[in-house]
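Data block below; observations after.
Each ligand, and each atom within it, is numbered from 1 in the order the structure gives.
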Amino acid sequence: MPRQFRSAWLKTLATLAALLLVAGLLGALLGAPATVVALAALGILAWHYWRLRQVLRRLTARQRWETADGTGVWNELDRLLHRNQQEMRARKRRLIDMLRSYRAAAAALPDAVVVVDRNTQRIQWFNEAATSLLGLRHPVDMDAALVERLQPLPLSHWLAGGRNAEPILDASSPVDPGIRLHLRLIPYSDHHWLLVARDVTKLLHLEQVRRDFVANVSHELRTPLTVVHGYLDMMDPEDFPDTGPMLAEMRKQSQRMAQLVEDLLTLSRLESQQHTELDTVAMSSMLASLRREAEAHSHGRHTIVVEDTADVDLAGSNKELHSAFSNLVTNAVRYTPAGGCITLRFANEGDGALLAVTDTGYGIPANHLPRLTERFYRVSSSRSRESGGTGLGLSIVKHILGLHQARLEIHSEVGRGSIFACHFDAEHVRPRSAPLSPPSTEAPPA
Ligand code: ADP
């Protein structure tokens, strides 16, 4: 118990005792001490009851507490309650100020922010940008059903995904179809979601300009390169003893440029493609063709192994998947020194399938792995150029797999080799129509 409260308590007790003593003396003088003491005790009780009632009334009416003068427990209690009330009011003011400043910050955000009740999926709050980007209006849209209010946006399926909902990368605004939006759903408490919509019109436009530029430049370069390449092909270096080596180098470089242009055009085409057709891709003939390509590239310097244990084929674009797998196989040959082994494995993986290209080549340091599928990213430029690489192969692979909702996983160890594994989900496999051939683990004769 605090000191001042203890002394107030003692003072009150002393006053009580004094009052009762005086009442006792008075009672003795009047000849009825018990009656007078009882009356005095009743009076004291009534006074305390009245003070208690006062405190309770003020507490329930949430009245402002005045500082009390004087001594005694009731005055001390008044002072304590006054102090607590002051502290609480100050804390409340601070909280309100903080809330106001957070709201002002959220309101000033250029992105549309909408607070949604998780259970009812109704709008709880939104900022100004939600008016310009999503068309929400104060106060009519407060408590409106989100999905109904933002009707043209594909939200119902999306909201059902909840925490796992992938961002919607490109949707048109309900206000103006020319405004392109990027939508994200952020569950921030057990009861609330935050819907954030960002205007990405300029970004998408710039992206389109970049894509068009690359596609146009590549297209424009294609014809002159074909001409140069054609003339160079007609000239036999043996007919020009002085410039023979120069001619051979020019031929090699023009070939590289032609390949670069072709790869850039392929990438532009893949980037502008939203989805791909789902044909059945016969994997036994695909694997046979990949094996032939690997052998042609290897010129007998490597052991090529094909393992086919799957009882399914893939569903997708034959041409594109062939291009992706062929890129992986070509890389395996190019980045594996003579004498190494390259294994192509196609197998069931849960309800889906896996195609993995494993080599025993140079391997890739771990710090390069995350950036490997970026355009023109090379671990060693000289080795890549030497082997005729354009730096676009894995980028093409990533795009093609993306169009098939497949995933590329890379494991590598320097000096031991690499595994490039393509994982396909259940929607991209089909039962194999031809009877399953006995699992082949064949290597060509050395
Ligand atoms: P490039 O045309 O240069 O081969 P890619 O996009 O196909 O371009 O590959 C990017 C880089 O990844 C290559 O330059 C090479 O350094 C590395 N790489 C790809 N495949 C392998 C592999 N099987 N073994 C080792 N390094 C590889």
Side-chain angles (χ1 to χ4, degrees), residues 211 214 218 221 225 252-271 287 290-291 293-299 301-307 319-346 354-404 406-423 443:
R211 271 206 293 266
V214 174
S218 314
L221 282 175
L225 264 175
K252 192 174 144 200
Q253 292 303 333
S254 83
Q255 230 158 22
R256 220 173 79 77
M257 270 170 82
Q259 188 56 50
L260 196 66
V261 165
E262 284 313 314
D263 280 359
L264 279 171
L265 282 170
T266 306
L267 256 182
S268 307
R269 186 177 47 76
L270 289 170
E271 274 181 334
L287 290 167
L290 291 171
R291 172 206 277 282
E293 272 175 51
E295 282 165 0
H297 269 86
S298 163
H299 296 296
R301 289 175 299 129
H302 307 92
T303 311
I304 315 286
V305 180
V306 176
E307 293 176 8
K319 184 167 156 250
E320 278 162 8
L321 286 176
H322 181 266
S323 156
F325 300 152
S326 155
N327 259 306
L328 295 180
V329 170
T330 316
N331 276 353
V333 174
R334 285 191 301 156
Y335 299 111
T336 301
C341 175
I342 286 134
T343 310
L344 267 107
R345 188 163 75 87
F346 185 57
L354 157 93
L355 186 129
V357 180
T358 308
D359 64 58
T360 55
Y362 305 116
I364 305 157
N367 59 318
H368 290 284
L369 294 181
R371 298 193 57 192
L372 223 51
T373 54
E374 286 174 22
R375 288 146 206 252
F376 297 114
Y377 191 85
R378 294 165 170 126
V379 178
S380 153
S381 302
S382 54
R383 190 180 281 165
S384 163
R385 276 201 199 97
E386 218 173 84
S387 59
T390 60
L392 294 171
L394 290 181
S395 194
I396 292 175
V397 172
K398 190 180 96 175
H399 272 85
I400 293 176
L401 292 186
L403 284 172
H404 291 81
R407 187 166 52 86
L408 177 67
E409 205 181 337
I410 309 169
H411 294 283
S412 191
E413 220 177 300
V414 176
R416 302 200 70 159
S418 316
I419 307 173
F420 287 76
C422 313
H423 302 270

- Item | Stepwise side-chain contact (heavy atoms from CB on, under 4.5 Å) check, Leu328 with Leu394 | CA-CA 8 Å; Leu328 295 180; Leu394 290 181; 3.7 Å; yes
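Atoms of ligand 1 found under 4.0 Å from any heavy atom of Leu372, numbered from 1 in the order shown, are 12 (O). Atoms of ligand 1 found under 4.0 Å from any heavy atom of Gly391 (numbered from 1 in listed order, with element): 1 (P), 2 (O), 3 (O), 6 (O), 8 (O).
Contact annotation: Arg334 has at least one heavy atom less than 4.0 Å from an atom of ligand 1. By the 4.0 Å heavy-atom criterion, Gly361 is excluded from the residues contacting ligand 1.
Relative to atom 11 (C) of ligand 1, the option among Phe420, Tyr362, Tyr377 with the closest non-hydrogen atom is Tyr377. Between the choices Asp263, Ile419, Val379, Asn331, the shortest heavy-atom distance to atom 7 (O) of ligand 1 belongs to Asn331.
When the side chain to side chain donor-acceptor pair (under 3.5 Å) test is applied to His322, the partners found at least two apart in sequence or on another chain are Ser289, Glu293.
Of all the heavy atoms of Ile364, the ones lying under 4.0 Å from any atom of ligand 1 belong exclusively to the side chain. Using a 4.0 Å cut-off between heavy atoms, Val397 makes no contact with ligand 1 at all. Residue-level proximity to ligand 1 for His368 is absent, since no heavy atom of it falls below 4.0 angstrom.
For CZ of Arg416, the number of neighbouring non-hydrogen atoms (other residues, nucleotides, ligands) closer than 6.0 Å is 12 at most.
With hydrogens and angles ignored, the 3.5 Å screen pairs a side-chain donor or acceptor of Asp359 with a backbone N or O of Ser418.
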